[in-house]
Asks: 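Can you read through this structure? Questions will come right after.
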Amino acid sequence: MTAADVFLQQVVNGLTIGMIYALIALGYTMVYGIVQLINFAHGEIFMVGAYIGLFICLIFQRAGTGSGNLVFFLPTMMLFVMAGTALLGWIVEKSTYKPLRHAPRLAPLITAIGVSFVLQNAVMLLFGPADKSFPSVIPIHKFDLANVTITNLQVLIAVISISLMAALHFFIQYTTTGKAMRALADDIKAASLMGINVDRVIAMAFCVGSALAGAGGVLFGLYYSTINFHDGYLAGLKAFTAAVLGGIGNIPGAMIGGVLIGVLEGLGAGYLSSEWKNVFAFFILILILLFRPSGLLGARVVKKV
Amino acid sequence: MKPISISSRAWVWFVLGLLFIFPLVNGNNYHRDVMVTAGIFMILALGLNVIVGYAGILNLGYAAFYAVGAYTYALVNIHFHMPFWAGIWVSGAAGALFGMLLAWPALRLGGDYLAIVTLGAGEIVRIALNNVDEVTGGPNGLLGIQHPTLWFPKMNFGVKPLPYYYLVFAIVGILVFMLRRLESSRLGRSWVALREDELAASCMGINPMWAKLSSFGIGGFIAGIAGCIFASKQGTVSPDSFDFILSVMVLAMVVLGGLGNIEGVLIGAFMLSILPELLRGFEIYRMLLFGVAMILIMLFRPQGLLGESRHVEEFRRKKEKAPA
């Protein structure tokens with residue numbers, strides 16, 4: 001392999017994991033855009049999504065249907081996982097964030113940390129503290145494109161992620177709820193005066209964000225084939241970084257930020273060492289924030305005096 | 001100056017007395033050890049309170065400040081045999097320097113972006129400690145740090161918790177005394193003014209950059225001291241002790257106790273460091289219950305157990321003014 005091939009290979013690997021980061025980052029950015037809350041429990045919801053996926057796989061295996069019919073199995077699993085994490089996101093919002101909507105700004109941050117402790121330990125108690133192997137429901141095929149290896153799984157991850165993001169884009173741009181979300185992000189008071197049910201729309205943003213994170217969790221499980229109850233923490237941190245990188249509150253920004261963090265990490269792992277790859281992502285983040293504080297696509301807010 | 005009523009002064013003496021008597025009555029080394037840990041967390045929470053509570057800047061990487069202090073003492077002690085009483089100043093200075101170096105470029109950013117930079121810096125420090133093996137010993141950390149010694153009476157602190165207990169709470173006491181003074185000093189008042197309204201404060205002649213920078217410096221100094229005590233007590237330091245969870249825990253202590261309120265912060269630190277020990281009986285459910293407790297406390301007291309008195313006053317005045 002030539003140097004260019006190595007480079008391209010790392011880019012391809014980075015793109016794959018970047019897609020997953022982007023899916024998680026969307027939830028951070030949607031919630032932050034509307035209520036200015038760093039939802040620390042979001043990474044945990046992603047992790048729970050992976051475990052729900054595992055659970056469904058195990059049920060199917062027990063029932064004997066196995067993963068024979070992928071065309072049926074994969075969408076069913078995705079649907080269940082996304083519904084499950086959406087429900088979880090809704091419960092978390094209603095029970096721990098909504099009562100604190102008018103509280104001091106740091107109070108919901110602390111409940112978010114509490115929620116992430118609860119979710120992590122609940123999963124640990126249910127599934128045990130050890131790494132769980134995620135069933136490889138998809139037989140891996142490798143394709144060689146000009147010395148760069150791409151697996152069918154990577155293609156699948158890209159297809160699913162991109163279609164989910166396209167669906168989200170459509171949802172935000174054209175549906176009534178989506179428009180309401182944008183209105184809330186602009187000016188929550190004015191939006192509520194226009195008759196938008198603020199509580200309902202905020203809950204909806206949590207549901208949609210959590211569903212996307214859940215989907216990301218399944219893809220993560222499929223890609224790495226082992227999951228652990230600690231996984232939500234680092235993935236969440238990086239996805240959050242991605243959201244900030246793209247300009248927090250900005251949906252296309254979160255997608256680009258996620259992919260970018262993934263690629264940077266892939267390159268960092270390939271050229272530096274895998275131990276330093278996390279430093280690489282954070283270092284770039286700090287540099288970008290210092291030189292372009294509102295992120296890549298974030299609106300440049302002019303402070304009015 | 002904040003007027004101190006006789007009753008509150010009596011309280012202070014009562015608590016000090018209790019703290020003094022506790023290890024004499026209770027000979028259990030495990031209990032003493034838990035109290036030492038609680039004391040170190042109190043120091044950390046007091047330091048973070050300067051940044052988050054007074055200056056109102058969210059800091060998500062406080063563990064890095066702590067780590068800088070701990071590793072500084074470890075390095076100067078191992079390589080130069082610097083005694084604890086000198087090392088604690090060097091650690092504090094290193095923590096302050098680190099805080100100010102981090103804040104200097106980052107303070108141009110506002111609010112949550114600044115928080116993310118501190119978070120990123122915290123992770124970078126931890127990963128760097130893990131990977132610069134030649135200096136920091138990598139994941140194994142540094143071993144063979146000397147315990148503090150006293151010349152009179154001549155003694156070595158050793159591994160038993162008792163001497164550390166008195167050391168830690170003496171430092172907590174000194175810090176409380178100094179932070180009280182600082183609170184009502186020109187600098188302390190300028191922090192609060194900036195927190196409430198940066199524009200108005202800078203119009204009144206406060207230099208926002210300098211005030212914020214000094215809050216990071218002082219917060220860093222206190223974390224450095226805490227790190228030095230921790231390192232000298234453990235005899236070893238390793239990167240695992242300074243993860244993101246630690247930053248988050250100290251932040252939770254400050255917010256839970258009441259931002260900007262010294263007593264509140266001390267109580268918050270005490271509760272959150274004792275609670276996991278109290279829940280030890282529940283074994284595997286421990287952290288689950290801990291999370292639930294954090295959520296419940298916040299839901300019932302969103303302003304923290306003891307909010308800052310200034311906030312409380314304002315709140316009361318507003319209520320009285322409101323038409324019935």
Side-chain angles (χ1 to χ4, degrees), chain A residues 32 36-38 40-41 92 95-96 99-122 124-125 129 233-234 237-238 240-241 243-245 248 272-273 275-287 289-290 293-295 298 301 303 305, chain B residues 52-53 56 58 60 102 105-106 108-128 130-131 138-139 198-199 243-245 248-249 251-256 259 284-304 307 311:
Chain A
Y32 192 90
Q36 276 84 45
L37 163 73
I38 303 176
F40 264 108
V92 167
S95 59
T96 57
L100 294 176
R101 199 156 291 153
H102 302 290
R105 219 173 57 88
L106 286 181
L109 198 72
I110 303 300
T111 52
I113 294 163
V115 169
S116 78
F117 278 159
V118 170
L119 290 179
Q120 263 188 29
N121 286 283
M124 188 197 75
L125 289 174
Y233 156 66
L234 201 60
L237 214 55
K238 282 183 194 157
F240 181 62
T241 308
V244 176
L245 186 61
I248 197 154
L272 294 161
S273 68
E275 287 96 50
W276 285 97
K277 72 175 183 185
N278 295 332
V279 168
F280 203 60
F282 288 117
F283 195 66
I284 297 280
L285 170 84
I286 290 180
L287 283 185
L289 278 183
L290 292 181
S294 46
V301 183
K303 249 194 198 167
V305 174
Chain B
V52 182
L58 182 55
L60 293 173
L102 173 67
R108 294 190 300 134
L109 302 169
D112 292 338
Y113 286 102
L114 179 55
I116 303 315
V117 169
T118 56
L119 188 158
E123 284 298 296
I124 289 176
V125 166
R126 190 180 56 82
I127 299 168
N130 232 324
N131 290 304
E198 182 159 347
L199 184 65
D243 53 5
F244 178 60
I245 301 296
V248 162
M249 285 297 289
L251 182 68
M253 289 166 181
V254 173
V255 177
L256 215 63
L259 279 169
I284 53 173
Y285 299 102
R286 187 161 76 106
M287 288 314 280
L288 187 78
L289 292 174
F290 183 69
V292 172
M294 262 169 90
I295 296 172
L296 288 180
I297 299 175
M298 235 40 277
L299 285 182
F300 288 109
R301 297 282 302 179
Q303 71 277 42
H311 286 311

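All values below were derived from every heavy atom in this structure, side-chain atoms included, with hydrogens, water molecules and symmetry-related copies excluded. In what follows, chains are A, B, ... by sequence order, proteins preceding strands, each numbered from 1.
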Asks: Chain A heavy atoms under 4.5 Å from B:Leu289: which part of the residue, side chain, backbone, both or neither?
Replies: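 Neither part.
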Asks: Can you say whether B:Leu102 sits under 4.5 Å from chain A via the side chain, the backbone, both, or neither, judging by heavy atoms?
Replies: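 Neither part.
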Asks: Go through B:Ile295, B:Val52, B:Val248 and name the one with the most non-hydrogen pairs under 4.5 angstrom from chain A.
Replies: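 Looking at each of B:Ile295, B:Val52, B:Val248 in turn, B:Ile295 comes out on top.
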Asks: Does any heavy atom of chain B fall under 4.5 Å from the side chain of A:Ser116, the backbone, both, or neither of them?
Replies: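 Contact with chain B involves no heavy atom of A:Ser116 at all.
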Asks: Could you tell me whether B:Phe244 atom CZ has more than 12 heavy atoms of other residues or ligands within 6.0 Å of it?
Replies: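 Atom CZ in B:Phe244 is crowded, with more than 12 foreign heavy atoms closer than 6.0 Å.
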Asks: Considering all heavy atoms of both residues, which atom of B:Val292 and which atom of A:Val118 are nearest to each other, and what is their separation?
Replies: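 Heavy atoms only, the tightest pair is N-CG2, 3.6 Å.
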Asks: Just so I understand: if I count every heavy-atom pair under 4.5 Å between each of A:Val244, A:Thr96, A:Leu125, A:Thr241 and chain B, which residue has the most?
Replies: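 Most heavy-atom pairs under 4.5 Å with chain B: A:Leu125.
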Asks: Where does B:Ala128 contact chain A at under 4.5 Å (heavy atoms): side chain, backbone, both or neither?
Replies: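 Its backbone and side chain both get close to chain A.
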Asks: Is A:Phe283 in contact with chain B via its backbone, its side chain, both, or neither, using a 4.5 Å heavy-atom distance?
Replies: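 For A:Phe283, heavy atoms of backbone and side chain both lie under 4.5 Å from chain B.
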Asks: Just wondering, do A:Leu237 and B:Leu119 contact through their side chains at under 4.5 Å, heavy atoms?
Replies: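 B:Leu119 vs A:Leu237: side chains touch.
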Asks: What part of B:Val254 is in contact with chain A, defined as an atom under 4.5 angstrom from a non-hydrogen atom: side chain, backbone, both or neither?
Replies: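 No part of B:Val254 comes within 4.5 Å of chain A.
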Asks: Please classify the contact of B:Ile297 with chain A as side chain, backbone, both or neither, using a heavy-atom distance under 4.5 Å.
Replies: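 The answer is neither part of B:Ile297.
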Asks: Which one of B:Asn131, B:Val117, B:Val255 has the most heavy-atom pairs closer than 4.5 Å to chain A?
Replies: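 Most heavy-atom pairs under 4.5 Å with chain A: B:Asn131.
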Asks: Hey, could you give me the CG/CD1 distance between B:Leu256 and A:Ile113, rounded to the nearest 0.5 Å?
Replies: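 Those atoms lie 10.0 Å apart.
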Asks: At what distance, to the nearest 0.5 angstrom, does CD1 of B:Ile245 lie from OH of A:Tyr233?
Replies: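 B:Ile245 CD1 to A:Tyr233 OH: 6.0 Å, rounded to 0.5 Å.
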Asks: Could you look at B:Leu251 and say if it's the side chain, the backbone, both or neither that has a heavy atom under 4.5 Å from chain A?
Replies: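 For B:Leu251, heavy atoms of backbone and side chain both lie under 4.5 Å from chain A.
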Asks: Which atom names give the shortest non-hydrogen contact between A:Leu100 and B:Pro302, and what distance separates them?
Replies: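 Nearest heavy atoms, A:Leu100 then B:Pro302: CD2-CB, 3.7 Å.
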